[in-house]
Amino acid sequence: MRFLVTMATNVTKIERQRENPHWVDWRIHHLKHIMSDTISGEDAGAGVDVMLEATALYDQENFKAARLLFEKLLRKASDPSERRDLLFNISSCLASEANFGGALEILQEFEPKDNDLLYNIALCHYKLLQYDAALKYIDLLISNCRDLHPELSIESEPTFATSVEASAAISQKLMDSHIVEGLNLKSAIEFKTKRSFQVAQQSLRSLPIKSEQLLDCVTLHNMAIYESSTNVERSIDKLLYLAHLAKNGHPDDALPCVVPAEVYQNTLTLLLVGDELEVAKEYMMANRGKLEQSVQEDLLRFFEIQAERGTDSAEISYRKLDSLLDHLLAEWQQIYNETEQTNENRIKLSQVQDLVLIVATNQGSILWDSDQYVALERLLKKVEPVCKEEVIFKEDLAHTIYMQEDRYADCLRQYQDLLHELDGQSLLCVDPLVLGNLCVAYVLTGKNASAEALIKKVEAEESSLRSPACFANPALATRQVPLRPQHLCIVNIVIGTLYCVKHNYQFGLDRIFRSLEPLEERLHTNTWFHVKRVILSLLDSHCKQLIYGSDDLMDEVVLFLIECERLGLLVETAREKSKRAKVQPVNDRSSVTYEARYLRSILLQIIHD
C-alpha cells in the first residue's frame, strides 16, 4: 500500500499559493481624474504635488510612506467624493502592507456595489482566513456580472466564442468586470476548504474563453496547478512559459501580463513532485533571487533539502527535515502562546501549521518506505497538536496504525472517525484506500456485516452517480465527488488482496478480476500495480509449494492477462521520466501490455514444467 503523505504534502505546498489574489488598485489608477476634479481651494497646487508624490511612492512599493501622505491629504479634505477616493487609496496601501484588517475596516464603511470594491473586501476576508465571508462577497460580484453581462454565461454552461477576435472581446469584458479575479479567488477558497482539484476547477471552467492564449496569466497559472493532478509534465511546461513571460512580456502587447510571483515556487514544487531533482537544483540556482523574494525562508530551506535527496542518504535527509521540524514546532508554540491573538498572529500561525504538515509528511514518507511504522506513529503524535484538524494527517495516522498488523481495532476507530466527519457528504468524497482499509479492518475484527454494509453503500452511491437524474440535480455540482469514481473497484481490490495474503487465491483473485470489469475503464497505472503484485505473489507461493494453484485458477489468470495485453498498450506502468531528464524511458517496456505478456510467459512456463 502506498503512503499518500508525500503527494498530500505537495498538494498542500501548491495550494497555499494557487490563487495569487491581487489588490484592485482602481482608485490609484484614476489619479489624474482625482487631482483635476476633487482637489480644490487655495491648497490645490500643493495637494496635486502631494498626490503625485504619494503615487510615485506607491509605484516604488513604499506603501507606508504613500499611506502617510494620503492620510495627510485626508485630514485637509472636506469634499465627500475626495474623501472617498483618498480612503480607497489608504486601504490599498494597508492591503499592500499586509494589514488586511485595517483595509477591511475602511472598505466596510462604503456601500458594496461596484465589483472592484466587492473583490477587495472578499480578498481581505480571504487573507484573514474568513472564507465564508469572502464567498459571500464573491457571490455578490458574480451576481452583478451575471446581470450586467448575461452573454458571458457566468457559472452556467459557457457559450464559447467562435473566433479569436470574439474571444478577445469576451476576455476584455471579463477583465473589466473583475469576474476573473473573483472566480480565481473562489476557486482558491474551494480548494482550501474542500481539498479537491475537481471542485476548485469548476469556478475557472465557467470562464467562456476558448483559447488558452487569451487567458490572463493568473488564470493560466491556476489551471496549470489544477492540471498537475493528471499531467505534471504539461503543468511544468505552462509554468515555465509564465516565467518566460515574466522576463520578456507577452508577445501580444494588448493582453495583460501580470505574472504571479508564486509561479517560481510552484514550478519548483512540481519539479520536486516529479523527482526531477537535478533540474530542480538548476532551477533554484537560476531563480534564486525570485525565490527569496516570494518564498518563506523555512519553506525555501525545505525545498533545498528535498532537492538534495538525489545525493543525500535517507538518514541524512531525515535528520535535516527533523531539525527543520523542531524549529517550526518551536515557532508554532511561541505564536500559539501569545496572549493576544491578532489577525497577524492567526495568519502566521496558519502558515506555520501548513509548513509543519509539509515537513512532517515528507519526513514520514522516509519512515514509511523503510517500513518503520512505529517510529512513524511517534512522529505523527509529535505533530498532532499542530495538525490534528487536517484530514491528511488523520488519514496518514490511520494508515500507519493499519500497517501494524496487531492493531486493527485501533485503526478501525481512526477510519470510522474520518467517516463521521463527512457531515452528510457522499462516501465518494473519501479516499478509496480509506474505505478499502476500513473494510479489511472490519473483516479482521469479525465485523463482516459492517464491511458488507459499507460496500453496498459505496455501490449504491456509484450507481446513483451514473444515473441520468444525477446530472439533472444542480445540487450535486458542488459535491466533492470524482466524475468517474473508482471507489468500489479499489475497495474490492484491497479486500481481494487480503484473501490472497491468507493464501485464498481462488476467492481473492476472482474478486479482484470482477472488480475490474469493464477492464477498458478500470485498467490504469494504480490498479495494475496492485493486481500484478497479487499475481506475482501467486507465482512465488506456487513455486515455493506454499500453495497449489489449480488448473482452473491458472487458466483464469492467463485469460485475464490476455485481456490486459489487448487493452494495456497505452496504459503506463509508471509515470514517465520528464522530457528534461537525461535518461529516457524504454517506451515499449513501460506499458501494461508488455508486463502482462511477460507475466503470462512466466506463468505458462510454470504450468508446463
Residue pair Q416, Y442: steps toward the side-chain hydrogen bond (donor to acceptor under 3.5 Å, both in side chains) verdict: CA-CA 10 Å; Q416 286 175 331; Y442 276 137; 3.2 Å; yes
Can L509 and E556 be said to form a side chain to side chain contact (heavy atoms under 4.5 Å, CB included), step by step? CA-CA 9 Å; L509 282 172; E556 187 178 358; 5.8 Å; no
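- One finds no salt bridge joining R522 and E517 here, because no Lys/Arg side-chain nitrogen approaches an Asp/Glu carboxylate oxygen to under 4.0 Å.
- For the residue pair V534 and Y505, the shortest heavy atom distance occurs at O-CE2, 4.0 Å.
- Using a cutoff of 4.0 Å between basic side-chain nitrogens and carboxylate oxygens, R407 and E377 are scored as salt-bridged.
- Checked by atom type and distance alone, the side chain of Q306 never pairs as donor or acceptor with a backbone atom of L272 at under 3.5 Å.
- With hydrogens and angles disregarded, no donor-acceptor distance shorter than 3.5 Å links the side chain of S187 to the backbone of L183.
- Taking the charged nitrogens against the carboxylate oxygens, R413 and D417 have no contact shorter than 4.0 Å, which rules out a salt bridge.
- Taking 4.5 Å as the limit, some side-chain heavy atom of L438 sits within range of a side-chain heavy atom of L412.
- Nearest heavy atoms, T593 versus E565: OG1-O, 2.8 Å.
- Side-chain contact, T573 with Y594: no donor N or O sits under 3.5 Å from an acceptor N or O.
- The side-chain heavy atoms of T497 and R533, taken from C-beta on, include no pair separated by under 4.5 Å.
- A side-chain N or O of E461 and one of S426 form a donor-acceptor pair less than 3.5 Å apart.
- Between the side chain of H542 and the backbone N or O of G549 there is at least one donor-acceptor pair closer than 3.5 Å.
- A salt bridge is absent between K456 and E459: the closest approach of a Lys/Arg side-chain nitrogen to an acidic carboxylate oxygen does not fall below 4.0 angstrom.
- P260 is listed as a side-chain neighbour of C217, based on a closest heavy-atom distance under 4.5 Å.
- Looking only at atom types and distance, the side chain of N184 has a donor-acceptor partner in the side chain of T219 under 3.5 Å away.
- S591 has its side chain out of reach of V571: every pair of non-hydrogen atoms, C-beta onward, lies at least 4.5 Å apart.
- The minimum heavy-atom distance between A134 and A122, with the atom names listed, is CB-O, 3.4 Å.
- Distance alone, capped at 3.5 Å, places no donor-acceptor pair between the D510 side chain and the Q506 backbone.
- Between L539 and I602 there is a side-chain heavy-atom pair separated by less than 4.5 Å.
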Could you walk me through whether K394 and Q414 pass the side chain to side chain contact (heavy atoms under 4.5 Å, CB included) test, one step at a time? CA-CA 7 Å; K394 295 174 183 177; Q414 294 287 335; 5.5 Å; no
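- Looking only at side-chain heavy atoms (C-beta outward), I225 and M223 stay at 4.5 Å or farther from each other.
- Distance alone, capped at 3.5 Å, places no donor-acceptor pair between the S143 side chain and the D139 backbone.
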Side chain to side chain contact (heavy atoms under 4.5 Å, CB included) between E521 and Q486: does it pass, once the steps are laid out? CA-CA 10 Å; E521 291 183 10; Q486 302 284 341; 5.5 Å; no
Can you check ring pair (Phe, Tyr, Trp, His ring centres under 6.0 Å) on Y137 and H125, steps first, answer last? CA-CA 9 Å; Y137 285 97; H125 283 298; 5.7 Å; yes
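- Of the N and O atoms on the side chains of Y226 and S235, not one donor lies less than 3.5 Å from an acceptor on the other residue.
- A perpendicular orientation is assigned to the rings of Y402 and Y408, their planes being inclined by more than 60° (bins at 30° and 60°).
- In summary, the side chains of E405 and Y373 do not present any donor paired with an acceptor at a separation below 3.5 Å, with no hydrogens or angles considered.
- Heavy atoms only, all atoms of each residue included: I189 and I138 are closest at CD1-CD1, 4.0 Å.
- Taking each heavy atom of I366 and S370 in turn, the nearest pair found is O-OG, 3.2 Å.
- In the displayed structure, L546 atom CG is contacted under 6.0 Å by more than 12 heavy atoms of other residues, nucleotides or ligands.
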Begin from the C-alpha positions of D132 and K136 and carry the test salt bridge (Lys or Arg N to Asp or Glu O under 4.0 Å) through to its verdict. CA-CA 6 Å; D132 290 339; K136 171 187 170 183; over 6 Å; no
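- Side chain of T525 to main chain of E572: a donor-acceptor pair is present (N/O by atom type, distance under 3.5 Å, no hydrogens or angles).
- Nearest approach of A451 to C439, heavy atoms of both residues: CB-O, 3.9 Å.
- Panel note: side chain T400, backbone D396; a donor-acceptor pair is recorded below 3.5 Å.
- Contact of the L435 side chain with the L427 side chain is registered, since non-hydrogen atoms from C-beta on lie closer than 4.5 Å.
- In this structure, I495 and I455 have side chains that are in contact, with non-hydrogen atoms separated by less than 4.5 Å.
- Counted by atom type alone, N437 and Y415 present one or more donor-acceptor pairs between their side chains at under 3.5 Å.
- Note that the CD atom of E181 and the CG atom of L118 stand 12.5 Å from one another [nearest 0.5 Å].
- Counting only distance, with no hydrogens or angles, the side chain of N492 and the backbone of L488 share a donor-acceptor pair below 3.5 Å.
- Between the side chain of S541 and the backbone N or O of L538, no donor-acceptor pair lies under 3.5 Å.
- With H178 contributing its side chain and C145 its backbone, the two residues share no donor-acceptor pair below 3.5 Å.
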Step by step, work out the side chain to side chain contact (heavy atoms under 4.5 Å, CB included) result for V374 and R378. CA-CA 6 Å; V374 175; R378 284 199 301 268; 3.5 Å; yes
